[in-house]
Every structure is written in structure tokens, then in C-alpha cells.
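Just so we're clear, the structure is a prediction, and the values are computed from it rather than from any experiment.
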Amino acid sequence: MSRYCRKTSTTTPSSHCLFGTARVKAWRVNATGAELPYANCVSGPSSLFHYSIPATSAMSLLHFSTFLAVALLARAQTQLLQGSCSFEADSCGYTSDPAYAEWTINEEGRFITAESLTFAEKGKYVLVSPELELRDWSCVRLVYQISGSGSLQLHLRPEGENFDYTLWTAEKPSDSWLIASVDLRNTSGAYQLLFEAKPSRGMGNSVALFEIHIIPGYCIECSFEEQHLCGYSNQWNPNVNWYVGGSLARDPQSNLPDDHTMNNERGHYMYVDSVYVKRFQEVAKLVSPMTTTSMAGCLSFYYQRDQAVGNFFSVFTKDQLGHYDEIWRPDVYATTNWKLVQVDIKAPHPLEVVFEVAFNSPRGGYVALDDISFSPEFCHTETEPAFDPSVANCDFEEDLCQYYQEQAGGSVWNRVSVKPNVYRIGDHTTGTGSFLLANTRYTSRPGYVSRLFGPSLPGNHKYCLRFYYALHGFMKIDNALALYVYDENNIAQEKLWTVSERYKDAWTQVEVTYLKPMPTKVAFVSICRNFWDCGLVSLDDISVTLGDCRVTAGPLNPPPGHCNFETGDCDYTQKKKAKKGHWLRIRGQTPTSYTGPKGDHTLGVGYYMYIEASYMLPKQSAQLKSTELRGSAGPQCLIFFYHMYGSGTGTLNVLLHKGDRDRLLWTRQGEQSVSWMKATVDYECYTRHWIIFEAARGSSIRSDIAIDDIVFKKGPCKDPGDSIQYSGFSENLNEIEY
């Protein structure tokens, strides 16, 4: 049976070979019930391309067999690393996680499947690789199919960590197998790969894995000798497309070149020809696999270009938002030999490389492409190394970092701290630390215009700036706080943001994406025109990363082990009992006055979990249970933020649940602060366990308790974080230091 043929129906006497986006009959049933192969079932994937094979008598079966032999030879020569599997005879050390439904190897081999009818209440399938120790950069090339509806995810499980890192996700169904390419960064520790399948319930829904190949190098690299073409795809156009060139099957009268890799007519390359052009400026696009991790270095490839006056050849990068950025175009016209191109790229976030050719007429010639490679070293010495914008980060715990303000008129921005109290919020970072405050009482004038400048950042980079602000006592919020970008000559280039809504006494997050061609610096501008209209402006936790805020890691894209409740309950569970209170997910202020937060810790306008004391009796409690944690030999660190404000506040406990026993890790009792407070908990547990957040109501309905921004990571925590050693009121609870 063909390598990628899969029986997809139990109601018909024949099955199909999944070739490209069309079904090609692969097997038939003879009179005795035996299955016999059709001659046109081709072994191996070629799903998104049309091979250039002329429909003439010159195309003999011998030529086609030679083509297959060359392709299979190239495949055999590919170095496969530990963890590769084609499921021909067994599962190569891959095992089904016993906690979930069991994967099934096809009785004839060649693929492993997850069927919707067999997983019942277990919800999903998890296939776990043997332990891998691949020290150098490598690429997972996956051949898979989602039939009907469902999803498939690839996770990485580092040794000694509680959580898995999602590398890749697919949800789009197809009637054929597809190719996925996922980069694995070089690492010093052991890890496992997990394939998680969730076929939807119902007849005909399934997920299949045909082949897992792990090869050395980068997924973006390709010599086009393998049948699946490294996951490169052709963006279909009715008239002009990228084709596979080379091999003995080509037209003898063709003027196309020999392959570059093998330097003969047996090898393969990609090419696009103008012969079928119907309209002016018809475009053919060859798209690389999407990178799955940050990369920076030298992209190399070879090309030939015929009749260059009739075509346009460019190379772009394309990000997840669909934005194109041209990185190269040729500086010569026709090339009679293969020409090497080297261009530096910086990819802090996932992107595709797009090779684009446009033709003016059917006499526009051709463009050929071969041997795409990548090196982590830049190919041009003048290329600046990847810039780290974290120099502009500041939480103001120690000092002003690299921020400074205009000196004219006195210092308006000052670094202050607020001890835990029930009147005024503390800083955003820990609840007990420092932040910046703009206040008219620091000036000798009834009003002020103050500019707080950040460090200078290089131009031609897209930056994502995030920060938190809070307002107190403003009668009018116009000009209370605005964000500008200035050039090196202190000339304002653009107003990026200004306060538009009033979120009183709550830290609110702002995120802004900007790009300028010249070096720039941001400026936080606060204007007070009348003493009686102005109040206090607070600023904290400024961070800058490369890339668009919509694709960079942030509150809506939390890493594994992080839960901020913005998109759900993170699979945390609880036992809801009748007439007893439980944890609620909410945004905004809690219903009862003088208790609970005014907003969440993550965004200020987002979600958090809390207990509503008015639904409970005194000393009644509610438990929120985490997902299962695997445990490890080293210390573990739990970080979270809690809010305990109200005269009748009860108790918040953190428990470690293992087996049938609970162990107390951390506790707080009584009113703590009107602010969100940071807690850090170091603990050790070598086996699977759960963490439970238990909140008990106090003496009155003013006893709402909330939690947010939970983080699990390898310990120790290092950051002292929750440094308050008291339970309940301290002697200086309401002391405010300005």
C-alpha cells in the first residue's frame, strides 16, 4: 500500500491515496475480496504543488519511476534524528499517555490515528515521545491529517518542569495529508514531544499522524529533493504557479536549468514560468513554513532569472498579521548560471519568507530557485546585532532606570512608595514597592507641564510598549497623561496615546505599537493647567519588546503555567455545593461596597477570581483547584496576586494537594490592603500534585477575597515579593509615604 494512503471510509469497497488536495484512487477490491493497487497511486507527499511533467509520449513510466527513485534516494540520504517515526512496524518508542484515550496504529502500519468514537469521556489523545536530548537546532517535519473536525497540537515538555510549551496548533480539516514544520531550538536539557489530538465527537471525525521526521537544521531550509518539499507551499494562481523542476521527466526542448544541488538533471528545484500568463502583473508566490521561534541570521538561496526585463522577483517576510516587508530584490537582470544571494533577517516573532515573481507578459521568461539555507551568523558584517529593547524596561523598585525628566520648573515626577493601607493603592509590581507619581505639590506653581523621557531606541524597529497608570483626584482628565514619541533633537514626532476614560484608583494597562525610521525616545507628558482640576498621576511597570503588541507575549498570550483569567478559568476546577459560596470569575468592581478590588491586576479592566462574601455564611470556604502538576526533583515557585480588603475579611490559604492529603503552604488572615499584593511561595514536590486556593468568609459581608495572575515556574522564586510578615493589621497599616 502507498506510504500515505489511508482508508477514509468504511461504507465503500475502495479507499483512496491522499495526493495533493484531490483524492486519487489507490486500492480496489477484486472478486475474491483482495485489495489490489492502482498504478496511479503515487508514493509520498507532494500536496501543494504540480510537478512539471509534459503530457507527451516522452513521459514514459520509466521516466516517472526514475523520478520516484531520485526522490526516495534523497529521502533516504536525509539524516533522521532520535524521535523520528514513520509507524511502519511500531510506534518507535512513542506511547499513549494512560490518563487519556489510546492512539491506534493502523493494522497495516503507515499511520497512527485518534478516532472520535473511542475516546469517550477521556476527551483527548496524548502521544508522548521517548526522552530526547537534541542539543543542536533541529526541525520537526510532520505529515498529518484532520478529517471532519478536530485539532492537533505539538507540545514540548522540558525535564523537571510542571508545564508543557505549545509549539504548534492545527484545526483546519482537509481531505488529504498536510505538512507541518516546527523548529526546535538548541537546548542543554532533555525533553519530550507531545502530540495532543482532539477529534470532535461524531462519526467521521479523526486525527492521523503519518510521519514524524526530526532532522538537523532549520525548517526554513530546503533543497527541494524531498517529496514534501520541506513544507513550502504555492499560493495558487489560475495561470502562474511555482512548479518542481528538474529530473529526467522534463521536456527535452525546455530551456530550464539543471538542478543546483546535484549539478545535474536528476535533481530538483522550484521554478515559475511566464508561458501561461493571461494578464499584466500576474503573481506567483512560494511561501516557506511559518517560523515557530525567534531567529536572526543569514538567509541564503540560489536563483536563475531568464528574460528579466519581463519579470519582477522579490523576497518578503510576512508576519502573523499579514504584514509584508521586502528584504531583497535582484540588482542584475538575466543570470545564465545559478547566483547566490545572502540576506540578513531578524525574526523575533513567527513569520514566513515569501518568494514572489510577477510577469508582464507570456514572454516574461522564468525564475528558478534552489538550496535555501539559514545560518545563525549574519552574512554581512555591517548588520547590527539583534537589539534588546529591555533597556527601556523599568518597575522603579530601585531607581528611575534610564528615565529622566525636564528640570525646568522643578521635579514633577517623583519615585514614591505606599505602605499597605485601606485608603490609597500601592504600586502595581508588588503592592508594597515603588512607582512614579506626578503631583502638583512638588512644584512651586499652580500648574505644570512635565515630560518624562525614556532611553533612545534605534529606528526601523517595530516596538511594543506596555505600561500601567492610575489616576486619583482629577476633576478633568484632559491632558492628565499622554504618550509621545520624540526624535533625538527633542522634537515630537507623534502622539501615540492619551487618557480617554477615567479608571479611578485602579492600575490600568496600556499597550502601544509604533515604528519610526529614526532613533526615538518615548515621553510621558502630564499637563496640569489649574491646581483645582488636577490630581495624582501614577506610572509603573514600563516594558518594551520587539514586534507588534498583537503577536508578542502579553496578557492575552500568556506562556505555559501562567493564568490571568482573561480568556477563561485556565481549567481550574471547584466543587460547587448548593447554598454555599464558590469562586466567581468577574471583571470590574465587586457588588458589595468597601470590599474587593476595583479592577483586576492584569489589565485594570480585565477578569479575576473572587469569593462573594454576601453569598456565604461566616467561616464558609470555597476551594479553587489547579490543573495537575507533574512535580520535579528541584524546587518549585508559585507566584500570585491577592486582594484582601474589607473590615470583615476572612482567610486565604494555599494548599498542596497530593493523594488524599492537603498541606498548608501559605496563609493570610484579615484585611491586608486596598491594593493587589504579590505573594511568592517556594515549595518542593517530586510527584504529581495540585495547588488549591482556599478562601474563607470572615465575620461580615465585607469579606470579598480575590486572586489573579497566577504563575508556576521552576524555583526558587528569588524575588522576595510578598515580604509582609504579618496577618491582619500592623501598627503602620495606613501610613502613606510620599
Handout entry: Verdict with supporting geometry, Val391 and Gln402, side-chain contact (heavy atoms from CB on, under 4.5 Å)
Key = CA-CA 8 Å; Val391 295; Gln402 296 190 39; 3.9 Å; yes
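- For the residue pair Pro591 and Glu612, the shortest heavy atom distance occurs at CD-OE1, 3.2 Å.
- The closest side-chain donor-acceptor pair between Asp541 and Thr429 falls under 3.5 angstrom.
- Proximity of the aromatic rings of Trp666 and Tyr642 is defined here by a centroid distance below 6.0 angstrom, and this criterion is met.
- No side-chain donor from either of Asp682 and Gln636 sits under 3.5 Å from a side-chain acceptor of the other.
- Cation-pi contact between Lys521 and Tyr486: absent, since separation from the ring centre below 6.0 Å together with deviation from the ring axis within 45° is not met.
- Using a cutoff of 4.0 Å between basic side-chain nitrogens and carboxylate oxygens, Arg630 and Glu628 are not scored as salt-bridged.
- Formation of a donor-acceptor pair under 3.5 Å by the Thr520 side chain with backbone atoms of Val485 is not found in this model.
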Problem - Worked verdict on Glu161 versus Lys713 for salt bridge (charged side-chain N to carboxylate O under 4.0 Å, His left out) - result: CA-CA 7 Å; Glu161 293 195 27; Lys713 64 179 185 177; over 6 Å; no
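- The aromatic rings of Tyr468 and His428 sit parallel to each other, their planes meeting at less than 30°, with 60° as the upper class boundary.
- Note: Phe641 and His601 have parallel aromatic rings, judged against thresholds of 30 and 60 degrees for the angle between ring planes.
- A side-chain contact (heavy atoms from CB on, under 4.5 Å) with Tyr608 is found for one member of Thr590, Thr602, Leu584, Asn564 and no other, namely Thr590.
- Checked against a 6.0 Å centroid threshold, the rings of Trp497 and Tyr469 count as neighbours.
- Ion pair Asp569/Arg585 not flagged as a salt bridge, since none of the NZ, NE, NH1 or NH2 atoms sits closer than 4.0 Å to an Asp/Glu carboxylate oxygen.
- Between the side chains of Gln623 and Glu694, a donor-acceptor pair is found at a separation under 3.5 Å.
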